[in-house]
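Note on naming: letters A, B, ... go to the chains in the order of the sequence lines (proteins, then strands), and numbering restarts at 1 for each one.
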Number of protein chains: 2
Amino acid sequence: MTGLSAERPSEVVLAARVARQFYLEGISKVGIADRLGISRFRVARLLDSARETGMVRIEIGLRGGSLDAGLSAELCSAFGLRHAFVFNFPDDDEPALRRRLGEGAGQALMDIITPSDVLGMSWSRTLSGLAAALTQMPPCPIVQLTGAVPPPDGRDLLDLVRGVARIGGGPAHVFYAPMILADAQTAAAVRRQADIAGAFALVPSVTMAVVAIGSWAPGLSTIYDGITPAERDALAGLGVCAELAGVFIGEDGRPVATPLDSRMIVTPGPALDRIPFVLSVAYGVSKSPAVFAAIRGDMVHGLVTHASLARALLSLADGRGGRR
Amino acid sequence: MTGLSAERPSEVVLAARVARQFYLEGISKVGIADRLGISRFRVARLLDSARETGMVRIEIGLRGGSLDAGLSAELCSAFGLRHAFVFNFPDDDEPALRRRLGEGAGQALMDIITPSDVLGMSWSRTLSGLAAALTQMPPCPIVQLTGAVPPPDGRDLLDLVRGVARIGGGPAHVFYAPMILADAQTAAAVRRQADIAGAFALVPSVTMAVVAIGSWAPGLSTIYDGITPAERDALAGLGVCAELAGVFIGEDGRPVATPLDSRMIVTPGPALDRIPFVLSVAYGVSKSPAVFAAIRGDMVHGLVTHASLARALLSLADGRGGRR
DNA sequence: GAGCTGTCCGCTCATTTGAGCGCATAGATC
DNA sequence: GATCTATGCGCTCAAATGAGCGGACAGCTC
């Protein structure tokens, strides 16, 4: 299309008049055509030109509050996520970022959960603050998805599960077991415990899970930081790239079986994969490959994060062929 | 309408997704509804909310070049003008502003004139540079509308009329007479001259005129500056507020008969009023009341000006009840 | 529980809109 | 001058859209 040239100032002005009336005053093209004495087709073509030449600028922007709706929407489109929540939190203060993201995840959870859901919970430092932000919840059953990891501040996974359940008034299915045991036999024995078996029996009915995404690198994963260097390297050698709810995944985002699995009390990868909606939480630009993998492998369907990680993900997707 | 609350982050993000797809990607509401699995009505309501809450910002902006299409369009709407051309020229250098506005008027004239038009011309310092900017014109007849005023640089109305006619190749109807004569008898005698009577006989067939708007104040009108203080005051006492092509108008924009009229060689006010399209040129914020009057009285149907006068006019219209 | 109120949702129908077509005019090429 | 191409314009028909309606449901009051 030829568009508006500087040679025809009256055409340019006419386009601006049409655009004002159409976009700003909300008049229909037929109405504009009648007022200006031109055909509705000309109105439509002028509007096209005005948009093409950049005379009309349309921006989908942030709104009050910390939620960046535009970035969130971009994430959804770029990765096919069902939900994304990108918050404008500064990166510099990590504990504060964790706390606020935990609250954000709580907001998101309250918003998207329905009374018919069965909620699975896992733990991370970010998620431990989630319950505090909840103000209303339907009385869904809450299922503990993994064994516990000793938290620095004493607020462990059982507290989280119970805290969430308390708000809604639904049943909490918790059990006492560590996430990693010394050997496979012990782990197998632990799994036979009634409360653990009971909780795990509920996993297939879980419709929504909340998980944190860890990256297989120092300081970016509770598990990585909690095992021996030899174990770390062994898993890295198997292609482990990230971890969520104790499930290891590779660069392609698919679960990777590891020697550690038999010693762990976690929802197995395939079972996690079958949960209809997994809401993930992650922060830090350095985790972008891990999050990218989890999304690519369809392990997670929702993401709560902050702006800089969101942008890092989008540039990864651009470079490596996201689904845009 | 309730709109999007911060309590429903997923709703906000959904609205942003819908807005992105609708405005940025150009997908139809039905298409968006299908993709997102919601009804097209919900899509429409989300878009309404997004616009209402300011999440979607639509701006009709300037484009390359000096023409401010947005302001031009606003002037058209606010005053019911058929054409407006607002240029982004700085106010500080008056001779440069005059020159550029003259060129702008030339651009505008080239753009809006048609081969079937008959063009009437009057003179002002701004208009004297108009012909230089013309690159193409239809061969319209050009009619001199008023007697001449001695210009500082020697480029008078006859030069202008002939210059414009030369570009298009149409006939130039000029005559030799000053704009103001010493007494009514002389003026009447002059009007009987064949060339003058001939030109004036063409006035009823003129379809488009180009005029400058002068304000009835020192330095803002060629005529004001060229008569005696007593005459100035007499006209001011009659309510003269502005002047265009030698026609005096009052605050209401209607022609005012004055004792000077009988001594002047100009197209009479009623005749000027009957010209279907009068393109006016004006600059300087101090002229805004004069321009406002001319527009209000329907004496002019188009305006070439610069941004600050345009803004002054708009604020006048706001304050005094424009036709917005 | 009955009744009330406000909100959200999707339907119908009339209007608006877009895609594609053919006509008319302007300018280029021979 | 004849022909050809490009461009702008408005038409038709099918699809998209908006206004307004009534039903479903949640929260309240009595």
Side-chain angles (χ1 to χ4, degrees), chain A residues 1-15 17-53 56 58 110-117 135-140 168-169, chain B residues 1-15 18-53 56 58 110-117 135-140 167-169:
Chain A
M1 202 167 293
T2 40
L4 301 166
S5 86
E7 312 300 313
R8 296 221 150 285
S10 66
E11 196 81 355
V12 175
V13 173
L14 187 62
R17 296 179 66 181
V18 167
R20 281 196 80 77
Q21 300 194 51
F22 186 75
Y23 285 113
L24 267 27
E25 302 174 36
I27 305 165
S28 78
K29 301 186 190 190
V30 175
I32 297 169
D34 289 347
R35 288 165 170 236
L36 297 183
I38 59 183
S39 78
R40 71 180 182 86
F41 304 97
R42 202 148 134 64
V43 171
R45 286 176 184 131
L46 283 167
L47 281 171
D48 287 344
S49 305
R51 239 176 298 122
E52 270 172 28
T53 57
V56 174
I58 297 168
M110 279 194 290
D111 191 24
I112 61 181
I113 200 166
T114 69
S116 57
D117 277 313
T135 54
Q136 51 179 1
M137 278 280 288
C140 307
Chain B
M1 201 167 293
T2 41
L4 302 167
S5 87
E7 312 300 313
R8 296 222 150 284
S10 66
E11 196 81 354
V12 175
V13 173
L14 187 62
V18 167
R20 281 196 79 78
Q21 300 194 55
F22 186 75
Y23 285 113
L24 268 27
E25 303 176 36
I27 305 165
S28 78
K29 301 185 189 187
V30 175
I32 297 169
D34 290 347
R35 288 166 170 233
L36 296 183
I38 59 183
S39 78
R40 70 181 182 87
F41 305 98
R42 202 147 132 66
V43 171
R45 285 175 185 133
L46 283 167
L47 281 172
D48 288 343
S49 305
R51 237 175 302 121
E52 270 174 28
T53 57
V56 175
I58 297 169
M110 279 194 291
D111 192 23
I112 61 181
I113 200 166
T114 68
S116 58
D117 276 315
T135 54
Q136 52 179 1
M137 277 282 288
C140 307
I167 306 292

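- With B/Asp117 contributing its side chain and B/Thr114 its backbone, the two residues share a donor-acceptor pair below 3.5 Å.
- Atom CZ in B/Arg45 sits roughly 13 Å away from atom C1' in D/dT17 (whole-Å rounding).
- To the nearest angstrom, C1' of D/dT17 lies 14 Å from CG of B/Asp34.
- Applying the 4.0 Å criterion to OP1 and OP2 of C/dG10, one finds that B/Ser39 has a side-chain N or O inside that range.
- For A/Asp111, the side chain to side chain contact (heavy atoms under 4.5 Å, CB included) partners two or more places apart in sequence, or in a different chain, are B/Arg8, B/Pro9, B/Ser10.
- The pair A/Arg42-A/Glu11 meets the salt-bridge criterion, since a charged nitrogen lies less than 4.0 angstrom from a carboxylate oxygen.
- Side-chain contact between B/Arg35 and B/Ile27 is present, with at least one heavy-atom pair separated by less than 4.5 Å.
- Between the P atom of C/dC8 and the CG atom of B/Leu46 lies a distance of 11 Å, rounded to the nearest Å.
- When the P atom of C/dA26 is taken as reference, atom CD of B/Gln136 falls 13 Å away, rounded to whole Å.
- Residues meeting the salt bridge (Lys or Arg N to Asp or Glu O under 4.0 Å) test with B/Arg51, sequence neighbours left out: B/Asp48.
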List, with names and distances, any nitrogen or oxygen atoms from the protein found under 3.5 Å away from nitrogen or oxygen atoms belonging to nucleotides 13-19 of chain C.
unit_1, atom_1, unit_2, atom_2, d
C/dT17, OP1, A/Lys29, N, 3.2
C/dT17, OP2, A/Lys29, N, 2.7
C/dT17, OP2, A/Val30, N, 3.0
C/dG18, OP1, A/Lys29, NZ, 2.9
C/dG18, OP2, A/Lys29, NZ, 2.6
C/dG18, N7, A/Arg40, NH1, 3.4
C/dG18, O6, A/Arg40, NH2, 2.6

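- The shortest distance between side-chain heavy atoms of A/Pro138 and A/Ile113 falls below 4.5 Å.
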